[in-house]
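If you're wondering where the values come from, they're calculated on a predicted model, not measured in any experiment. Read the numbers this way: they start at 1 and go in the same order the structure lists the ligands and their atoms. Numbers for residues simply follow the sequence, beginning at 1.
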Amino acid sequence: MRIDVLTLFPEAFENIFASSIIQRAQQKHLLEIVLTNIRDFARDNYRSVDDKPYGGGPGMVMMCQPIFDGLEYVEAAAPTKGRRILLTPQGEPFNQSLACELAGEQRLILIAGHYEGFDERIRMGLQPLEVSIGDYVLSGGEIPAMVVVDAVTRLLPGALGDEESTEEESFSSGLLEYPQYTRPQNFRGLEVPEVLLSGHHERIQEWRTQQAKERTRLRRPDLLAEQSIDKQE
Ligand code: 4FV
């Protein structure tokens, strides 16, 4: 998979992309990440990428030209047609099922913004998939882009080592994950549940399923509602 990121702060990605699963996926040639600076496509002497909003109001808006030119340059840099993704609080909620969908793509092109947001004609002209990582406002689209890259990369076949698995984790079954324990058996008086020490795999699996349902019912009843809706469909 190739992931292009159009951003004003390519340096912000270096550490994240040089660590753990994302770095290993690149070393295994499962993933190629290309960072492109939107400001490299600014045309005026001040290398402007933002300007005042028409109609007045606070803050600045990302201009069309540097983003259009940047995207067209990046798209021409490799034959595979990429899925254009705009990170914005106005986008569809990012979740595990969207991560799975995107992990099936050959190429993603992520556009990370700043300031008050994007000139509307960027949406109209580029028709990107708009994605939000949550109902809050960040100072930039860089962290949302990192979230998408991380969630997608670990779903790429071969990205996770054997000891790691996406099978039983939260949301893979539509439920929150069951409680996990490791050594020591007793920590400051807190014991590991007997069933997990029993070696009785069926009873352990029953307990884990029951715990996952209970935890989801208590913490995220919306997920259970979603599940029943999915079942009806
Ligand atoms: C955001 C989000 C987000 C808004 C203006 C960056 C900021 C500036 N992106 N999910 N939440 N973006 O807050 O994706 O462009």
Side-chain angles (χ1 to χ4, degrees), residues 1-17 22 31 33-44 46-75 82-105 107-155 170-171 220 222-223 226:
M1 172 185 270
R2 173 172 165 148
I3 299 181
D4 289 276
V5 183
L6 278 160
T7 170
L8 290 170
F9 300 95
E11 67 282 2
F13 293 82
E14 266 128 32
N15 296 346
I16 288 278
F17 291 169
I22 297 175
L31 175 67
I33 299 177
V34 179
L35 302 170
T36 302
N37 193 329
I38 295 168
R39 201 176 291 282
D40 294 347
F41 299 88
R43 289 199 189 144
D44 66 339
Y46 311 98
R47 305 186 77 215
S48 308
V49 295
D50 61 309
D51 204 339
K52 294 190 293 304
Y54 275 120
M60 302 292 272
V61 175
M62 299 277 295
M63 297 158 56
C64 293
Q65 176 269 320
I67 290 183
F68 273 71
D69 291 357
L71 182 82
E72 283 150 14
Y73 172 87
V74 159
E75 288 194 332
R83 188 94 181 263
R84 299 171 177 175
I85 296 174
L86 195 73
L87 288 307
T88 167
Q90 301 164 29
E92 72 174 81
F94 185 60
N95 56 27
Q96 195 65 11
S97 68
L98 181 52
C100 293
E101 181 192 323
L102 297 179
E105 299 281 347
R107 185 180 182 193
L108 304 177
I109 302 175
L110 307 181
I111 304 170
H114 256 269
Y115 317 107
E116 295 311 307
F118 301 95
D119 183 299
E120 190 61 20
R121 294 164 290 185
I122 291 167
R123 293 180 170 85
M124 295 149 73
L126 302 179
Q127 298 289 316
L129 170 68
E130 298 187 48
V131 173
S132 170
I133 65 164
D135 299 341
Y136 37 78
V137 179
L138 301 168
S139 59
E142 281 67 31
I143 293 171
M146 295 173 195
V147 166
V148 170
V149 171
D150 188 294
V152 166
T153 298
R154 56 193 304 290
L155 294 170
S170 289
F171 311 110
R220 294 291 308 279
D222 57 299
L223 291 175
E226 242 172 64

- State, yes or no, whether a side-chain contact exists between Phe41 and Thr36 at a heavy-atom distance under 4.5 Å. yes
Atoms of ligand 1 under 4.0 Å from any heavy atom of Tyr136, numbered from 1 in the order shown, are 11 (N), 13 (O)
key: Contact with ligand 1 for Asp135, non-hydrogen, under 4.0 angstrom   = no
| Any N or O on Gly134 sitting closer than 3.5 Å to an N or O of ligand 1? | yes
Run the side-chain donor-acceptor check on residues 121-141: report pairs under 3.5 Å with partners two or more places apart or on a different chain.
| residue | atom | partner | partner atom | Å |
| --- | --- | --- | --- | --- |
| Arg121 | NE | Asp119 | OD1 | 2.8 |
| Arg121 | NE | Asp119 | OD2 | 3.4 |
| Arg121 | NH2 | Asp119 | OD2 | 2.5 |
| Arg123 | NE | Glu130 | OE1 | 2.7 |
| Arg123 | NE | Glu130 | OE2 | 3.3 |
| Arg123 | NH1 | Glu120 | OE1 | 3.2 |
| Arg123 | NH2 | Thr88 | OG1 | 3.2 |
| Arg123 | NH2 | Gln90 | OE1 | 3.2 |
| Gln127 | NE2 | Met124 | O | 2.9 |
| Ser132 | OG | Gly134 | N | 3.1 |
| Ser132 | OG | Gly134 | O | 3.1 |
| Tyr136 | OH | Ile133 | O | 3.1 |

Taking only non-hydrogen atoms of Gly140 and a 4.0 Å limit, the atoms of ligand 1 in range are 6 (C)
Task: Heavy atom of Phe94, distance to ligand 1 below 4.0 Å - done: no
**Report entry** pair Val34-Val74: side-chain heavy atoms closer than 4.5 Å
**Finding:** no
protein heavy-atom neighbour closest to atom 10 (N) of ligand 1 works out as Ile133 N, 3.0 Å
shortest atom 14 (O) of ligand 1-to-protein heavy-atom contact is with Thr88 N, 3.4 Å
So for Met62 against ligand 1, with non-hydrogen atoms under 4.0 Å, the contacting part is neither
Checking heavy atoms under 4.0 Å, the part of Ser132 that sits near ligand 1 is both
Within 4.0 Å of some non-hydrogen atom of Val131, the atoms of ligand 1 are 14 (O)
- Taking the side chain as every heavy atom from C-beta outward, state whether Leu8 and Tyr115 have any atom pair closer than 4.5 Å. yes
Closest to atom 8 (C) of ligand 1 among protein heavy atoms sits Tyr115 O, 3.4 Å
| said: If you define the side chain from C-beta out and look only at heavy atoms, does anything of Gln96 sit under 4.5 Å from Leu155? | reply: yes
Atom 1 (C) of ligand 1: of Gly91, Pro89, Gly59, the nearest heavy atom sits on Pro89
Check your understanding: Going by heavy atoms in the side chains, are Phe118 and Ile111 under 4.5 Å from each other?
Key -> yes
> Can you find a heavy atom in the side chain of Met60 that is under 4.5 Å from one in the side chain of Lys52?
Replying inline: yes
Numbered in order shown, the ligand 1 atoms found under 4.0 Å of a heavy atom of Val137 are 13 (O)
Report yes if some heavy atom in the side chain of Asp69 is under 4.5 Å from a heavy atom in the side chain of Glu72; otherwise report no. yes
Looking only at protein heavy atoms, what sits closest to atom 13 (O) of ligand 1 is Leu138 N, 2.8 Å
Checklist entry - Between Ile3 and Leu110, is any pair of side-chain heavy atoms under 4.5 Å apart? => result yes
